[in-house]
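Report on one structure; see the data block that follows.
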Amino acid sequence: MTLVKIVNKKVSLISKATKLLWESSPQNFFVLCILSVAMSLPEVAGLWVWKEILNFISLSLTGAEPMIEKICFYIFLHLCLKIIASLLNKLNTYNSNILKIMVDKEINKKYFNVVNGLLPQDIEVAEIRDKLEMIERDAGERTLGILMKIVELFQSISLLIFTSSVLAVIDFKIILVVLLSIIPISIAYKRTYKDIFIVYSERLEKLRYVKALRDTVHQNGFVMENMIYKVINYVETKSEELINEIIKSEKKLKKRVFIREALVENISMMLTYVVKLMLIILGISNNNNLGSIVMSISAFDKINNSILNISMISNSLYDDGLYLKAINDLEEYAKKNSSNESRKQIISEINKISFKNVFFRYQNSKSYSLKNISLNFEKGKSYAIVGKNGSGKSTLVKLILGMYSPLNGEITIDGISICDYNRYSLYDKSSVLFQEFMKYPLSFYENIRFKDRDEGEDILFNKACELVKLNDLIQELPEKDDQLLTKGWKDSIDLSGGQWQKVAIARFFAKDGLLRILDEPGASLDAKSESEILKNIINDKFSISIVVTHRFQNIKKYDEIIVMKDGEIESKGNHAYLMKNSAVYRDLYIAQKEMME
């Protein structure tokens, strides 16, 4: 990599960090810049003041008239500079802490914007998952680190400029020598942080996997399964193996870094003392007084440290570059998705959804999950999708919702390809109950409506709770529908599996969708509750209603039943037709009927 490319890369990383801080809070960032520059001024002024103190002490010791008053004055002046520096430092710390909170807020905003802009299939890509994990895990640590490095960078640059002017007055060639002395250690730091960048990239997925294993320990249901299967012993062993691999690579990395930096730092230290000797000899040959010589040496130390800090900070941004790059890459990707969707047609009505010779398989899978699917779903009709586990039922639902695109064939809504529609407008017109629904650490009301309560009555919320028979449960809760749900939070409670299922179904009914899909709605419900809920679905004449089910209690009432087998449509029709013409349907129906008897 050429020097120009290296510089450009570092400038790019620094500009990304600066942009992040500016977007978080322009006002606090501006104050940060001013304070960073201001904090270097007392240090530079202190060099001159201390030079005067030493000169007056030297004159007093050589037999000249004692200059106690002047020495006291400059000592007092030096104290004032120290007090000013301390106040500026405390003010900078206060401002930096506020800015850190603002950066955390900006990162939080970016994270949710990114997730909102990703497509369902994107979440399955390991690289995207790694980047999301990095943003989520490192948000606090990285933002603080970036902030502190930017502060140090500004301070070092300011101190370098002001102090160089002091030393340049003595001899400009000294500045060139200082720059040459810092080159070896700068190269070493660059290689070190590049090695860290590579190693950290390689271990990302391992770290994410360790976290996933660790997270299982505090999930609901883990304690019971651990008692039966002794899961924690295996999970601990598995995670320890991965951590040992990480430790091994870390030791190898640190060994290389130690040898390289120990060698280069010693060479740099020898060059530093050569420069100091040159300054002393130069000062003596020019008949400079003691204060001037000491000031030149102190100025050299400050310049040397400033250049070293600038080099270290810019090189260390290779490491932070992973984090910044993850945010920027995902932001750009999400914006591209959103931009593409914004140019597409908005859905206002859904009268008919058609599949024509559709084939689909998941990423990295060699076998098709759906094969040659041709179907029509019409407004005002109800459809049941049945079949054995793994027959493609849930995958079919995901394609109906536009979460995935078919590899071959076409899916249309009212004659227009689903790919030409804005997928977010399709989601807005859809109400879905997934088989694995979410249990949010929100209030009872928020779990259903996902918004703050407005003034007045929420008709949709009340209607949904009444339909699903949740009103009695609400009255039993200490905080009624403001009760915080899920375990692990102050004053929160958890619900039973059946109660959570009813909350999820109420969530479904509280949204008026033109496309309504339920995936196994009766998994945790009693037969009566399921029957009442499905009755509402089947009688809906304003939507396309689709139910994925393995329970045949209300199967006769659907307008059409779709039977799936191995990713294909084995048959379709009403109950009477399928009992005569579909062996798969007949076997499933009879088997369940015998179980119920």
Polar side-chain atom of [X] near backbone of [Y] as donor-acceptor pair, under 3.5 Å:
X	Y	result
Arg516	Ile537	no
Gln501	Ser496	no
Asp420	Ile416	no
Tyr383	Ile562	no
Glu106	Val103	no
Lys110	Leu330	no
Ser342	Ser339	yes
Ser417	Cys419	yes
Arg361	Ser367	no
Ser425	Ile347	yes

Does a sphere of radius 6.0 Å around [atom1] in [X] hold more than 12 heavy atoms from other residues, nucleotides or ligands, not counting ones at 6.0 Å or beyond?
X	atom1	value
Phe542	CZ	no
Lys511	NZ	yes
Lys451	NZ	yes
Asp452	CG	no
Lys248	NZ	no
Asn389	CG	no
Lys381	NZ	no

Min side-chain heavy-atom separation [X]-[Y] under 4.5 Å:
X	Y	value
Ile418	Glu410	no
Lys352	Asn376	yes
Leu20	Ile107	yes
Lys105	Ile101	no
Pro406	Ile411	yes

Gap between atom [atom2] of [Y] and atom [atom1] of [X] - 0.5 Å precision:
X	Y	atom1	atom2	value
Lys557	Ile538	NZ	CD1	6.0 Å
Glu378	Asn351	CD	CG	9.5 Å
Ser430	Met403	OG	CE	8.5 Å
His575	Ile561	NE2	CD1	7.0 Å
Ile128	Asp329	CD1	CG	10.0 Å
Asp512	Ser431	CG	OG	8.0 Å

> Checking side-chain contact (heavy atoms from CB on, under 4.5 Å) for the pair Tyr111/Val115: CA distance, chi angles, key distance, verdict?
Replying inline: CA-CA 6 Å; Tyr111 179 77; Val115 173; 4.1 Å; yes

>> Between Asp458 and Tyr445, is the side chain to side chain donor-acceptor pair (under 3.5 Å) condition met? List the steps.
In response: CA-CA 10 Å; Asp458 190 330; Tyr445 176 85; 2.4 Å; yes

> Which class fits the ring pair Phe552 and Tyr585: parallel under 30°, tilted 30 to 60°, perpendicular over 60°?
Replying inline: tilted

>> In terms of relative ring orientation, are Trp22 and Phe29 parallel, tilted or perpendicular, with 30° and 60° separating the classes?
In response: perpendicular

> Does the ring of Phe461 carry Arg449 above it, NZ/CZ under 6.0 angstrom from centre and within 45° of its axis?
Replying inline: no

Provide the closest heavy-atom pair for [X] versus [Y] in the form atom of the first, atom of the second, distance.
X	Y	value
Glu568	Ile373	CA-CD1, 4.1 Å
Tyr362	Ser369	CD1-OG, 3.3 Å
Leu495	Trp500	O-CD1, 3.4 Å
Tyr589	Lys556	OH-CE, 3.5 Å
Leu401	Leu426	O-CD2, 3.2 Å
Gly573	Leu578	O-CD1, 3.6 Å

With a 4.0 Å cut-off, would you call [X] and [Y] a salt bridge?
X	Y	answer
Glu349	Lys429	no
Glu560	Lys572	no
Arg423	Glu341	yes

>> What verdict does the side-chain contact (heavy atoms from CB on, under 4.5 Å) test give for Ile517 and Phe508, after you've listed the backbone C-alpha separation in whole Å, the side-chain angles of each residue and the deciding distance to 0.1 Å?
In response: CA-CA 9 Å; Ile517 302 175; Phe508 169 86; 5.7 Å; no

>> My understanding is that only residues two or more places apart in sequence, or in another chain, count here; which of them pass side chain to side chain donor-acceptor pair (under 3.5 Å) with Glu240?
In response: none

> Step by step, would you call Tyr440 with Phe450 a ring pair (Phe, Tyr, Trp, His ring centres under 6.0 Å)?
Replying inline: CA-CA 10 Å; Tyr440 295 94; Phe450 298 116; 5.1 Å; yes

>> Between Glu23 and Lys19, is the side-chain contact (heavy atoms from CB on, under 4.5 Å) condition met? List the steps.
In response: CA-CA 6 Å; Glu23 290 175 343; Lys19 182 183 177 184; 3.0 Å; yes

>> Please confirm whether the ring centroid of Tyr404 lies under 6.0 Å from the ring centroid of Phe360.
In response: yes

>> Evaluate Asp540 against Ser543 for side chain to side chain donor-acceptor pair (under 3.5 Å), listing each step before the verdict.
In response: CA-CA 6 Å; Asp540 181 6; Ser543 308; 3.0 Å; yes

> Are Ser394 and Asp519 linked by a side-chain donor-acceptor pair shorter than 3.5 Å?
Replying inline: yes

> Would Glu570 and Ser582 satisfy side chain to side chain donor-acceptor pair (under 3.5 Å), going step by step from the backbone distance to the final call?
Replying inline: CA-CA 7 Å; Glu570 192 267 349; Ser582 172; 2.6 Å; yes

Only pairs under 3.5 Å count here: list side-chain donor-acceptor contacts from residues 463-481, not counting sequence neighbours, and write none if there are none.
unit_1 : atom_1 : unit_2 : atom_2 : d
Lys469 : NZ     : Glu532 : OE1    : 3.3
Asp481 : OD1    : Arg453 : NH2    : 2.6
Asp481 : OD2    : Arg453 : NH2    : 3.4

